[in-house]
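The analysis underlying the following values was restricted to heavy atoms, covering all of them including side chains, and did not include hydrogens, waters or symmetry mates.
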Protein chains: 2
Amino acid sequence: MTRRTRGTSAGLDRARIAAAAVALVDRDGLDRFGVRRLADDLGVDPMSIYHHIKGKAALLDAVSEAVIAEMEAGAEEWPDDWEQVARRTAHDYRRMAYRHPRVFPLLATRPQSSPAALAAVERLVAAMRRAGLPDQVTADAPTTLFGFLNGYLLAVLSGGPGGPADPPAIDAAAYPTMAALAPLQSGFGSPAEFDRLLGTVLSGIRHQAAR
Amino acid sequence: MTRRTRGTSAGLDRARIAAAAVALVDRDGLDRFGVRRLADDLGVDPMSIYHHIKGKAALLDAVSEAVIAEMEAGAEEWPDDWEQVARRTAHDYRRMAYRHPRVFPLLATRPQSSPAALAAVERLVAAMRRAGLPDQVTADAPTTLFGFLNGYLLAVLSGGPGGPADPPAIDAAAYPTMAALAPLQSGFGSPAEFDRLLGTVLSGIRHQAAR
DNA sequence: TTCTCAAACCTACGCCGTAGATTTCACCTA
DNA sequence: TAGGTGAAATCTACGGCGTAGGTTTGAGAA
């Protein structure tokens with residue numbers, strides 16, 4: 001792609017830049033992400049990007065916002081039952097994380113305040129309140145749930161883009177119990193494991209509500 | 001500090017370098033961390049560091065390892081009850097995270113395989129097995145617990161070194177339930193909140209075991 | 001037609017990580 | 001004691017980075 005001459009439009013805007021940035025991080029990872037590489041992908045001078053987005057940090061904000069917004073595209077019908085809302089939100093979040101494993105650390109590290117993120121939380125707490133759960137339990141639930149989701153998905157995705165890294169062999173002499181349990185860890189990163197652990201967290205919330 | 005002439009010892013070794021690196025990240029943050037700045041702190045040529053540690057990535061590995069190792073310093077007496085083991089491990093982990101808030105993202109992002117980390121997990125699963133919990137629940141517990149701890153602490157510490165950022169005002173029209181619950185979020189990052197959420201996760205594990 | 005201004009480009013600066021060559025000195029062996 | 005050896009540290013250099021500041025261009029308003 002050849003450069004435009006000065007003054008002619010390159011058709012840049014925030015959305016197009018963000019989409020290209022997501023694609024670049026997906027392809028090369030966060031370490032290799034940079035303004036110059038992004039400009040290359042866009043067929044544009046690096047400094048042109050600065051007319052739409054203030055700097056590298058704002059660029060990364062745009063990336064995480066774009067990726068969160070993907071979650072919102074889907075059915076608009078949500079169940080009444082808060083546990084179903086939580087499960088579906090969690091699964092949507094997981095799918096998004098697997099679609100963009102190299103973007104995900106960005107989400108887990110920065111506080112999320114985009115409309116899509118806030119809408120998901122509002123949906124969950126509204127359903128919990130409708131169900132008559134205690135206010136403190138309801139207020140804590142998103143922090144607990146997304147805390148778990150972020151930490152767990154970070155661990156599962158840290159092995160690379162394809163899926164989780166298989167854990168290294170365990171020294172059976174030093175860590176006998178871990179070694180004995182190793183066969184049960186075989187599904188690390190699997191949907192079944194995710195469902196199991198999610199169920200554990202949700203049952204914790206359910207039982208706090210019942211006390 | 002003046003440079004040594006070539007060949008004279010600067011007293012560098014892996015431990016001294018790691019300690020200086022931890023101090024540098026604590027002071028300036030991960031973004032500002034670099035080999036050249038670290039060398040400045042040590043009063044040493046940047047390339048001298050490479051004789052002891054292979055590169056920047058290995059340097060960051062050494063940082064996270066050093067910080068995890070801090071946790072191990074403490075009483076060697078551990079209770080039998082698995083929930084007490086889990087609570088104490090979690091609180092030790094939290095204290096470490098608050099001591100090094102700018103290092104913490106490193107721990108949550110990379111898989112941990114240092115002896116100190118493995119020892120903590122072995123302690124927990126051994127206690128659970130002794131208590132006769134089902135093997136699958138025991139095998140899942142560290143993943144669930146550290147998933148939550150990593151994600152939650154990441155969120156709480158992302159506001160900066162001192163403590164959590166107070167959340168921005170909520171648009172009451174768009175997110176009425178969140179706005180109504182906002183007063184209950186006031187303790188974000190507090191020990192009381194941590195205890196509450198930790199209790200939720202542990203009760204989830206307890207109830208999975210009872211099924 | 002002339003003016004204005006946003007969009008894009010160009011140049012340059014000071015950083016960064018690190019490969020490769022070089023210097024120096026402590027210690028071992030004869 | 002003389003000479004050899006290897007580890008520790010330094011020096012030099014390269015390509016890449018983020019971005020500040022200045023310049024060019026052309027589209028549309030006046």
Please state whether the phosphate of C:dA6, meaning OP1 or OP2, lies under 4.0 angstrom from any side-chain nitrogen or oxygen of A:His52. no
Side chain [X], main chain [Y], donor-acceptor under 3.5 Å:
| X | Y | answer |
| --- | --- | --- |
| B:Ser48 | B:Val44 | no |
| B:Glu122 | A:Met178 | yes |
| A:Ser186 | A:Ala182 | no |
| B:Arg102 | B:Arg27 | yes |

Under a 4.0 Å heavy-atom cut-off, which of residues 104-111 of chain A touch DNA chain C? none
Among the nucleotides D:dG21, C:dA7, D:dT10, which one has an atom lying closest to any side-chain atom of B:Val44? D:dT10
Identify which nucleotide among D:dT19, D:dT10, C:dC9 has an atom closest to any side-chain atom of B:Ser48, counting heavy atoms from C-beta outward. D:dT10
Measure from [atom1] on [X] to [atom2] on [N] and round the result to the nearest Å.
| X | N | atom1 | atom2 | value |
| --- | --- | --- | --- | --- |
| A:Asp40 | C:dC9 | CG | P | 12 Å |
| B:Asp13 | D:dA8 | CG | P | 10 Å |
| B:Met47 | D:dA13 | CE | C1' | 11 Å |
| B:Asp31 | D:dT19 | CG | C1' | 15 Å |
| A:Asp45 | C:dA12 | CG | P | 14 Å |

For residues A:Tyr93 and A:Phe104, establish whether the separation of their ring centroids is below 6.0 Å. yes
Taking the inter-plane angle between the rings of B:Phe188 and B:Tyr152 on a 0 to 90° scale, is it parallel (under 30°), tilted (30 to 60°) or perpendicular (over 60°)? perpendicular
Please say whether more than 12 non-hydrogen atoms of neighbouring residues, nucleotides or ligands are located less than 6.0 Å from CG in A:Asp13. yes
Is the count of non-hydrogen atoms from other residues, nucleotides or ligands lying under 6.0 Å from A:Arg99 atom CZ greater than 12? yes
Using nucleotides 14-17 of chain D, report all nitrogen or oxygen pairs with the protein that are shorter than 3.5 Å.
residue: D:dC17; atom: OP1; partner: A:Arg37; partner atom: NH1; Å: 2.9

